[in-house]
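For reference, positions follow the sequence shown, starting with 1. Hydrogens, waters and symmetry mates are skipped; everything else that's a heavy atom, side chains included, is used. When a ligand or atom number is given, it counts from 1 through the structure's own listing order. It should be emphasised that the depicted structure is a prediction, and the values quoted were computed from it without experimental measurement.
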Amino acid sequence: MGQGREAEHGHRAHPGDRAHPGDRAHPGDQAQLGHKASSGPRAHFHPGRGDFEGVLGLLAGLTMSFGRGRSARLAAELAGVRVGDRVVDVGCGPGRFLREAAERGAEAVGVEPSGQMRRIAGWRTPGALSGRVRVVDGTAERIPLGDGSATVVWAVASFHHWSDPEAGLAEVHRVLQPGGRLLIAERLTRPGGWFRHHALTWEQGQDLVAQVERAGFSDVTAGRHPLGRVQVLAVQARRPAN
Ligand SMILES: C[S@@+](CC[C@H](N)C(=O)[O-])C[C@H]1O[C@@H](n2cnc3c(N)ncnc32)[C@H](O)[C@@H]1O
């Protein structure tokens with residue numbers, strides 16, 4: 001699955017990555033989530049979809065429509081998207097990653113709770129790709145697609161918004177066909193970094209690896225990938241083949 005991967009790690013974090021003190025969730029975030037510390041990663045910072053409606057949603061959507069080509073290419077390369085794939089993008093926002101998948105010959109379905117984002121994704125999809133791109137109203141926790149209907153599921157910068165990661169991972173597992181590929185990508189931050197509510201630390205990525213395994217996936221890895229001045233944390237896995 002992985003091309004262009006700078007490093008790949010299984011369960012062990014890079015020793016240097018664990019060396020930062022205070023690498024834990026903001027206490028307020030845990031409380032806001034009502035999230036059991038033992039059942040999921042300490043990565044669960046910013047649930048909710050209301051942020052992406054109204055004027056703010058419009059501004060966020062337009063901002064995310066541009067300048068994400070390198071991220072989209074990275075996601076497509078990591079997931080090994082090719083002609084004939086059926087890609088489901090969970091939390092697709094304005095749809096830049098859908099267009100990347102479609103340009104590579106895949107059929108792409110975005111699952112997106114924000115009406116504002118769905119509208120922008122529609123506007124931004126060129127006519128030439130419209131037969132291969134669609135966006136449906138849904139969430140990670142409730143994906144309105146059939147069992148085994150995807151060869152690839154990815155979630156880029158959306159996992160940290162999921163209100164129930166355990167339910168979301170169960171849905172992703174259901175929607176993937178056996179042998180299908182999962183990619184969860186988030187910006188990598190240092191503990192206490194200013195972007196921490198919209199990013200994961202390396203240690204949180206390791207927690208996510210464990211959670212993805214508990215959800216029944218195999219070949220679960222975490223890798224870090226430079227992207228300009230930031231790094232992307234990519235957790236990848238497969239639904240077992242049988
Ligand atoms: C930071 S944006 C990322 C959009 C897009 N993936 C990108 O990288 O350009 C996060 C998106 O996640 C969506 N979202 C929020 N809660 C969600 C949930 N529970 N399940 C799926 N998506 C969700 C938001 O509406 C928003 O469009």
Side-chain angles (χ1 to χ4, degrees), residues 29 32-35 40-41 43-76 78-79 81 87-102 108-125 133 135-145 150 152-175 182-189 195-200 208 215 225 227-228 230-235:
D29 295 319
Q32 182 189 5
L33 280 163
H35 172 59
H44 192 190
F45 283 135
H46 207 96
R49 50 189 117 148
D51 306 2
F52 296 98
E53 297 289 6
V55 175
L56 287 181
L58 180 63
L59 290 175
L62 291 175
T63 304
M64 285 188 283
S65 292
F66 297 95
R68 291 177 69 72
R70 278 191 304 177
S71 312
R73 287 190 288 279
L74 175 64
L78 288 173
V81 173
V87 176
V88 172
D89 181 345
V90 179
C92 68
R96 177 63 185 85
F97 294 75
L98 294 172
R99 297 190 284 281
E100 185 68 31
V109 182
V111 176
E112 173 54 55
S114 156
Q116 194 68 283
M117 289 292 179
R118 293 196 301 276
R119 270 188 294 281
I120 298 170
W123 299 334
R124 299 279 295 143
T125 301
V133 173
V135 182
V136 298
D137 184 3
T139 63
E141 297 79 11
R142 190 169 292 223
I143 299 177
L145 299 172
V152 173
V153 174
W154 67 41
V156 180
S158 93
F159 174 77
H160 67 273
H161 289 286
W162 294 8
S163 57
D164 184 344
E166 199 175 319
L169 289 171
E171 273 291 84
V172 167
H173 190 277
R174 177 186 68 75
V175 164
L182 169 66
L183 167 66
I184 297 176
E186 290 281 346
R187 183 163 162 171
L188 187 63
T189 186
F195 205 71
R196 64 188 179 280
H197 297 290
H198 295 275
L200 302 191
L208 176 56
H225 306 273
L227 199 69
V230 303
Q231 288 202 318
V232 172
L233 169 74
V235 172

**Item:** Atoms of ligand 1 close to Ser158 [distance to a heavy atom under 4.0 angstrom, numbered from 1]
**Value:** 12 (O)
**Complete:** In short, Ala215 meets His173 closest at the heavy-atom pair O-CD2, 3.5 Å
**Message:** Distance under 4.0 Å to a non-hydrogen atom of Met117: what atoms of ligand 1 satisfy this?
**Reply:** 27 (O)
**Message:** Looking at non-hydrogen atoms alone, which of Phe159, Trp162, Phe52 comes nearest to atom 26 (C) of ligand 1?
**Reply:** Phe52
**Asked** What distance separates Arg99 CZ from Arg68 CZ, expressed to the nearest 0.5 Å?
**Response** 11.0 Å
**Asked** Does an N or O anywhere in His160 fall below 3.5 Å from an N or O of ligand 1?
**Response** no
**Message:** Below a 4.0 angstrom heavy-atom separation, can you tell me which part of His161, side chain or backbone, both or neither, approaches ligand 1?
**Reply:** both
**Asked** Can you tell which part of Glu112 has a heavy atom less than 4.0 Å from ligand 1: side chain, backbone, both or neither?
**Response** side chain
**Asked** Are any of the N or O atoms of Gly91 closer than 3.5 Å to those of ligand 1?
**Response** yes
**Request:** Provide the number and element of each atom of ligand 1 under 4.0 Å from a heavy atom of Phe97.
**Result:** 7 (C), 8 (O), 9 (O)
**Message:** Taking the side chain as everything from C-beta on, heavy atoms only, tell me whether Phe159 gets closer than 4.5 Å to Pro165.
**Reply:** yes
**Message:** Can you tell me how far apart CG (Asp164) and CG (Leu169) are? Round to the nearest 0.5 Å.
**Reply:** 9.0 Å
**Message:** As an exercise, identify every atom of ligand 1 less than 4.0 angstrom from a heavy atom of Ser114.
**Reply:** 25 (O)
**Prompt:** Under a heavy-atom criterion of less than 4.0 Å, does Glu141 contact ligand 1?
**Reply:** yes
**Under-4.0 Å heavy-atom contact with ligand 1, by part of Pro113 that carries it** = side chain
**Asked** Is a donor on one side and an acceptor on the other found under 3.5 Å between the side chain of Arg187 and the backbone of His198?
**Response** no
**Prompt:** Going from CZ on Phe97 to CG on Leu183, what distance comes out if it is rounded to the nearest 0.5 angstrom?
**Reply:** 9.5 Å
**Request:** Using a 4.5 Å cut-off on heavy atoms from C-beta on, say whether the side chain of Met64 contacts that of Arg96.
**Result:** no
**Asked** Are any of the N/O atoms in Val156 less than 3.5 Å from those in ligand 1?
**Response** yes
**Request:** Compare every heavy atom of Val135 with every heavy atom of Glu112, then report the nearest pair and how far apart it is.
**Result:** CB-CG1, 4.1 Å
**Item:** Polar atom proximity, Ala140 to ligand 1 (N or O, under 3.5 Å)
**Value:** yes
**Asked** Hey, is ligand 1 close enough to Thr139 that some N/O pair sits below 3.5 Å?
**Response** no
**Fill in**
Between Phe52 and Ser114 the two heavy atoms that sit nearest each other are O-OG, 2.6 Å
